Engineer: 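One structure follows; several queries about it will come next.
Keep in mind it's a predicted model, so treat the numbers as computed, not measured.
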Amino acid sequence: ELYAKEQVSIEAIMKQNSEHEYMASQSGFWYFYNTKLTDSIATPNFGDIVNFDYNVKSLNGTLIYSKADLKTQNYAMDKQEIFTGLREGLKLMKIGETVTFLFPSEKAYGYYGDKNKIGINLPLICEVTINSITQIQSN
């Protein structure tokens, strides 16, 4: 019921911003490319270190955390804790791309929020830029 309600809100945002080409992920969130690269640069794999910047907004566009607040992040793919939507979103991206994601609350911080500025069951918009991917060779 909550997901359906949030989906209606997200679809309204996509309709209002029809200049963007929104895509639905298989993981249950929506996104569009602010900057898309068409060359064959690889997306991150398990264990790769992804260096990225992002911000967090509420669905009405209010900034919750700026890129400066969150600082540049280094994330070992699928080896560290990060909220589900962002983990799945990073897997779709290449170095130099910027993507705006619309996450229903279950793909964001869910029932618990972040115990700071993000409340419970809050859908989020995140603009994410990948700066680098350090590939970790597997044996």
Engineer: Considering residues, nucleotides and ligands other than K36, do more than 12 of their heavy atoms fall under 6.0 Å from its NZ?
Structural biologist: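 Correct, the count exceeds 12.
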Engineer: With a 4.5 Å limit on heavy-atom distance, are the side chains of K91 and T43 in contact?
Structural biologist: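 Side chain of K91 against side chain of T43, heavy atoms only: no contact under 4.5 Å found.
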Engineer: Measuring only between side-chain heavy atoms, which start at C-beta, is L86 closer than 4.5 Å to F52?
Structural biologist: yes
Engineer: Please test L124 against I118 for side chain to side chain contact (heavy atoms under 4.5 Å, CB included), starting from the C-alpha separation and ending with a verdict.
Structural biologist: CA-CA 9 Å; L124 299 174; I118 298 172; 4.1 Å; yes
Engineer: Between K117 and Y65, is there a donor-acceptor pair closer than 3.5 Å when you use the side chain of the first and the backbone of the second?
Structural biologist: no
Engineer: Can you name the closest pair of heavy atoms from L90 and P44 and give their distance?
Structural biologist: O-CG, 3.4 Å
Engineer: Distance check, rounded to the nearest 0.5 Å: Y111 atom OH versus L122 atom CG?
Structural biologist: 14.5 Å
Engineer: Which heavy atom in I13 sits nearest to a heavy atom in I125, and how many Å separate them?
Structural biologist: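 For I13 versus I125, the nearest heavy atoms are CD1-CD1, 4.4 Å.
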Engineer: Let me confirm one number: the NZ-CD distance from K107 to E6, rounded to the nearest 0.5 Å.
Structural biologist: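 K107 atom NZ to E6 atom CD measures 12.0 Å (nearest 0.5 Å).
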Engineer: Are I82 and V99 connected, step by step, through hydrophobic side chains (Ile, Leu, Val, Met, Phe, Trp, Tyr) whose heavy atoms are closer than 4.5 Å?
Structural biologist: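 Yes, same cluster.
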Engineer: Mind listing the closest non-hydrogen atom pair of L59 and S9 along with its distance?
Structural biologist: CD1-CB, 3.9 Å
Engineer: Assess, by modelled atom type and distance only, whether the side chains of E88 and S25 contain a donor and an acceptor separated by less than 3.5 Å.
Structural biologist: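 No.
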Engineer: Hey, could you give me each pair passing ring-ring contact (aromatic ring centres under 6.0 Å, His included) that has a residue in residues 68-104? Not counting sequence neighbours.
Structural biologist: F29-F101, F29-F103, Y31-F101, F83-F103, F83-Y109, F101-F103
Engineer: Would you call N131 and T72 a side-chain contact if the rule is heavy atoms closer than 4.5 Å?
Structural biologist: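 N131 reaches T72 side chain to side chain.
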Engineer: Which heavy atom in A42 sits nearest to a heavy atom in Q135, and how many Å separate them?
Structural biologist: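 Looks like CB-NE2, 3.8 Å.
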Engineer: Take atom CD in E19; do more than 12 heavy atoms of anything else shown fall under 6.0 Å from it?
Structural biologist: yes
Engineer: Taking atom types as modelled and ignoring hydrogens, do the side chains of T100 and N34 form a donor-acceptor contact shorter than 3.5 angstrom?
Structural biologist: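 Yes, side-chain donor-acceptor contact under 3.5 Å.
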Engineer: Between I136 and G47, which heavy-atom pair has the shortest distance, and what is it?
Structural biologist: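 That closest heavy-atom pairing would be CG1-O, 3.1 Å.
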Engineer: Under 4.5 Å between any side-chain heavy atoms of T129 and K67, yes or no?
Structural biologist: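 SC-SC contact between T129 and K67 confirmed.
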Engineer: Keeping the roles fixed (side chain from N55, backbone from E127), state whether a donor-acceptor pair exists under 3.5 Å.
Structural biologist: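 Present.
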Engineer: Taking the side chain as everything from C-beta on, heavy atoms only, tell me whether D114 gets closer than 4.5 Å to I64.
Structural biologist: no
Engineer: Between S66 (side chain only) and D69 (backbone N and O only), is there a donor and an acceptor less than 3.5 Å apart?
Structural biologist: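 Confirmed, S66 side chain pairs with D69 backbone.
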Engineer: Does some side-chain heavy atom of H20 sit less than 4.5 Å from a side-chain heavy atom of Y33?
Structural biologist: no
Engineer: Is there a side chain to side chain contact (heavy atoms under 4.5 Å, CB included) between E97 and I130? Walk through the geometry before answering.
Structural biologist: CA-CA 6 Å; E97 289 186 328; I130 290 189; 5.9 Å; no
Engineer: Should Q7 and W30 count as side-chain neighbours, where that means a heavy-atom distance under 4.5 Å?
Structural biologist: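 In short, these two side chains touch, coming nearer than 4.5 Å.
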Engineer: Which atom names give the shortest non-hydrogen contact between M77 and N45, and what distance separates them?
Structural biologist: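 It is CB-O, 3.3 Å.
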